Amino acid sequence: MVNEIQVKSILNKHRKRDDWFLDDYSVNPYSGCSFNCIYCYIRGSKYGENMTKTLSVKINAPELMERQLSKRAKKGEYGIIAVSSATEPYMPIEGKYKLTRKIFETILKYKFPVEVATKSKLVLRDLNILKEIDENAILPDDLKPKLKHGVIISFSISTLDEKLAKFVEPGAPKPIERLKTMRKCKEEGFFTGVCFIPVLPFLSDSSEQLEETIRTVKEYGADFIFVGGLTLFGKGPADSKTLYFKFLEKHYPELLPKYKELYRIFFSPPKEYQREIEEKSKRLCEKYGIKNRIV
Ligand code: SF4
């Protein structure tokens, strides 16, 4: 039984544009996520260990979107809208509620550009409306010289290894399905790529694995790929750090001491780690002729 809720606001304006996805706004028509990735940063007691059980549908999202976006459009405050930033926009439940699609209808009406981050092939259902957004969106002035697209579709992956993905992303489609969906988006003329976040320490971060991932996503038509480290938060039973360490204990106990060292003080690995995977992936992106940023 899905929880239907009414919310007071749906369109969030960021204080600062996101460095990676370039969004100035975000919209999340659902709360919680049935894909249940154990590393998900939204995890915590509010959603519980199994986020499928606490999934909520923001039933008044379309009418709020109309009200809020029309005001922004009137003032000419154009900016990229991330759909969605804190949940998956194409969970199976979207097949029934169509909230993501209704949000796109409003975005098209007011000519805003969008960034869609997904792991699901259900995005293919909306390529017709995304095509119209792509052709009509008004980019913010400072992005116009750098970006030629009104729609950016990114697919997130943490590993290409199917077995490992099943452990860490139990409710999500297989990585290969995401790549096949990306290829279809590319064939339809979209600007699309991969957000390789989080790269999993000692599991998907070796030089060989980075190279295999970058080479493979290029073969599937990606325009860009960017990498980011794993963040692990909290001590509660539903927190990402607790769940991830439980997974290690069960499947990779030999890695536990290494992880404890890596996450000894902070919620993310040391800066040198992030710098190293970024530098390695930059070199590999040059080798395979793929961008390592959206712009
Ligand atoms: S798909 Fe995204 S929002 Fe959903 S659980 Fe995974 S990381 Fe979190």
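Worth saying up front: this structure is predicted, and the values here are computed from it rather than measured. Numbering of ligands and ligand atoms starts at 1, following listing order. Keep in mind that the numbers below use all heavy atoms, side chains included, and drop hydrogens, waters and symmetry copies.
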Return the closest protein heavy atom for [atom] as residue, atom name and distance.
atom                    : answer
atom 3 (S) of ligand 1  : T87 CA, 3.6 Å
atom 2 (Fe) of ligand 1 : K119 NZ, 3.8 Å
atom 4 (Fe) of ligand 1 : C33 SG, 2.3 Å

With atoms numbered from 1 as shown, which atoms in ligand 1 lie under 4.0 angstrom from a non-hydrogen atom of [X]?
X   : answer
C40 : 3 (S), 5 (S), 7 (S), 8 (Fe)
N36 : 5 (S)
F35 : 1 (S)

Under 4.5 Å between side-chain heavy atoms, hopping through other hydrophobics if needed: is there a path connecting I153 to L124? yes
Exercise: do Y244 and Y259 side chains pair donor with acceptor under 3.5 Å: yes
Without hydrogens or angle criteria, can the side chains of D161 and S204 be said to hold a donor-acceptor pair below 3.5 Å? no
Strictly under 2.8 Å, is atom 8 (Fe) of ligand 1 approached by any N, O or S atom of C37? no
Go through T54 and N3 one step at a time and tell me if the side chain to side chain donor-acceptor pair (under 3.5 Å) criterion holds. CA-CA 7 Å; T54 48; N3 210 7; over 6 Å; no
For the backbone of E219 and the side chain of R183, can you confirm whether one donor and one acceptor N or O come within less than 3.5 Å of each other? no
Where is the tightest heavy-atom contact between E88 and Y30, given as atom of each residue plus distance? O-CD1, 4.3 Å
So, does M51 sit close enough to ligand 1 that a heavy atom of it is under 4.0 Å from the ligand? yes
